[in-house]
Amino acid sequence: MSNLLEICGVTKVFGGLTAVDNVSFDVRRGSIVGLIGPNGAGKTTVFNLITGNYRCDRGEIVFDGQLLSRLPPHKIVYLGIARTFQTIRLFQNMSVLENVLAGRHCRMKAGLLASMLHLPSERKEEREALKFALHELEFVGLREHAAQRASSLSYGNQRLLEIARALASEPRLLILDEPAGGMNEQETEELMALIKKLQSRGLTIILIEHDMNLVMQACEHLVVLEYGRKIAEGPPEEIQNNPKVIEAYLGVD
């Protein structure tokens, strides 16, 4: 199985703070990789570098053979990378369906003239986008809520809506930033099942998560950061017994 994503010696500095320090790891196609570490370890910064929200000061990020380091976020989405956010970022006053359609926009090809004149090609594309969006809502279990305002959903369902919106862009790599944050135990179990279903669709997934039960059960490979540096990497059963990881989370007696 080949690598879909390669992080090669990536460094990001903010003023005098080195948020990510010479980090390297690979993500194999079809795998679920967990990026873990204490608060402030640099995990979300790595995600922002992958998605083009930040640019690397040093190092390279390669996605399916293409260098990402200088591409803007919208082009990275078009290549097949989608994400959710640590803090929910939905269009709260739009409907659930409209939120997912917003995620579909990058795959729609009708130009300004076709849209203004409402040409047959544009109408066909709109129908296909609607069908696609409803399919993704069905997949995450929100089809019956399609007409509701996003703000009316429970917290757990808003998390699922973010995932549906990301799926609407047809990603090959899905990046989930603390998707279980704020969820109860039942919602977390349902999320775990959903992540496995996503993998069965052929998606590659990178996950930041503080729920260690979810991480250990869902992920096949873990990368551990502390103070911006990679301190460990390997399968979950190896990582949970790694002295450096235990020290990073629990400290030293």
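The first residue in the sequence is number 1, and the count goes up from there.
In this model, no donor atom of one side chain and acceptor atom of the other lie less than 3.5 Å apart for Gln158 and Glu162. Side-chain polar atoms of Glu189 and Gln217 form no donor-acceptor pair below 3.5 angstrom. Under the 3.5 Å distance criterion, with hydrogens and angles disregarded, no donor-acceptor pair is assigned to the side chains of Thr204 and Arg29.
Note on Leu160: it does not cluster hydrophobically with Phe91, by side-chain heavy-atom contacts below 4.5 Å among ILVMFWY residues. Each of Leu142 and Phe132 belongs to its own hydrophobic cluster when Ile, Leu, Val, Met, Phe, Trp and Tyr are linked at side-chain heavy-atom distances under 4.5 angstrom. Hydrophobic clustering keeps Met94 apart from Val140 (ILVMFWY residues linked when any side-chain heavy atoms are closer than 4.5 Å, directly or through intermediates).
Between Arg159 and Glu209 there is no salt bridge, since no side-chain N of the basic residue sits under 4.0 Å from a carboxylate O of the acidic one. Ion pair Lys131/Glu128 not flagged as a salt bridge, since none of the NZ, NE, NH1 or NH2 atoms sits closer than 4.0 Å to an Asp/Glu carboxylate oxygen. One finds no salt bridge joining Lys43 and Asp177 here, because no Lys/Arg side-chain nitrogen approaches an Asp/Glu carboxylate oxygen to under 4.0 Å.
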>> Between Phe85 and Phe47, is the ring-ring contact (aromatic ring centres under 6.0 Å, His included) condition met? List the steps.
In response: CA-CA 10 Å; Phe85 294 87; Phe47 274 16; 9.9 Å; no
> Do Val224 and Lys244 pass the side-chain contact (heavy atoms from CB on, under 4.5 Å) test, and can you show the C-alpha distance, the side-chain angles, and the key distance before you say yes or no?
Replying inline: CA-CA 9 Å; Val224 189; Lys244 289 185 178 179; over 6 Å; no
> Between Leu35 and Leu207, is a side-chain contact (heavy atoms from CB on, under 4.5 Å) present by the stated rule, with each step listed?
Replying inline: CA-CA 6 Å; Leu35 186 61; Leu207 174 72; over 6 Å; no
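Atom OH of Tyr227 has 12 or fewer heavy atoms from other residues, nucleotides or ligands within 6.0 Å. Atom CZ of Arg229 has 12 or fewer heavy atoms from other residues, nucleotides or ligands within 6.0 Å. Within 6.0 Å of the NZ atom in Lys196, the count of heavy atoms belonging to other residues, nucleotides or ligands exceeds 12. More than 12 heavy atoms of other residues, nucleotides or ligands shown are found within 6.0 angstrom of CD on Glu237.
Ring orientation note: the planes of Phe139 and His135 are close to parallel, at an angle under 30° on the 30°/60° scale.
In terms of heavy atoms, Pro73 sits closest to Asn53 at CG-N, 4.2 Å.
Put simply, the side chain of Lys12 does not reach to within 4.5 Å of the side chain of Arg58, judged on heavy atoms. Between Arg149 and Asn93, some side-chain heavy-atom pair lies under the 4.5 Å cut-off.
In terms of modelled atom types and a separation under 3.5 Å, the side chain of Glu98 and the main chain of Ser95 share a donor-acceptor contact.
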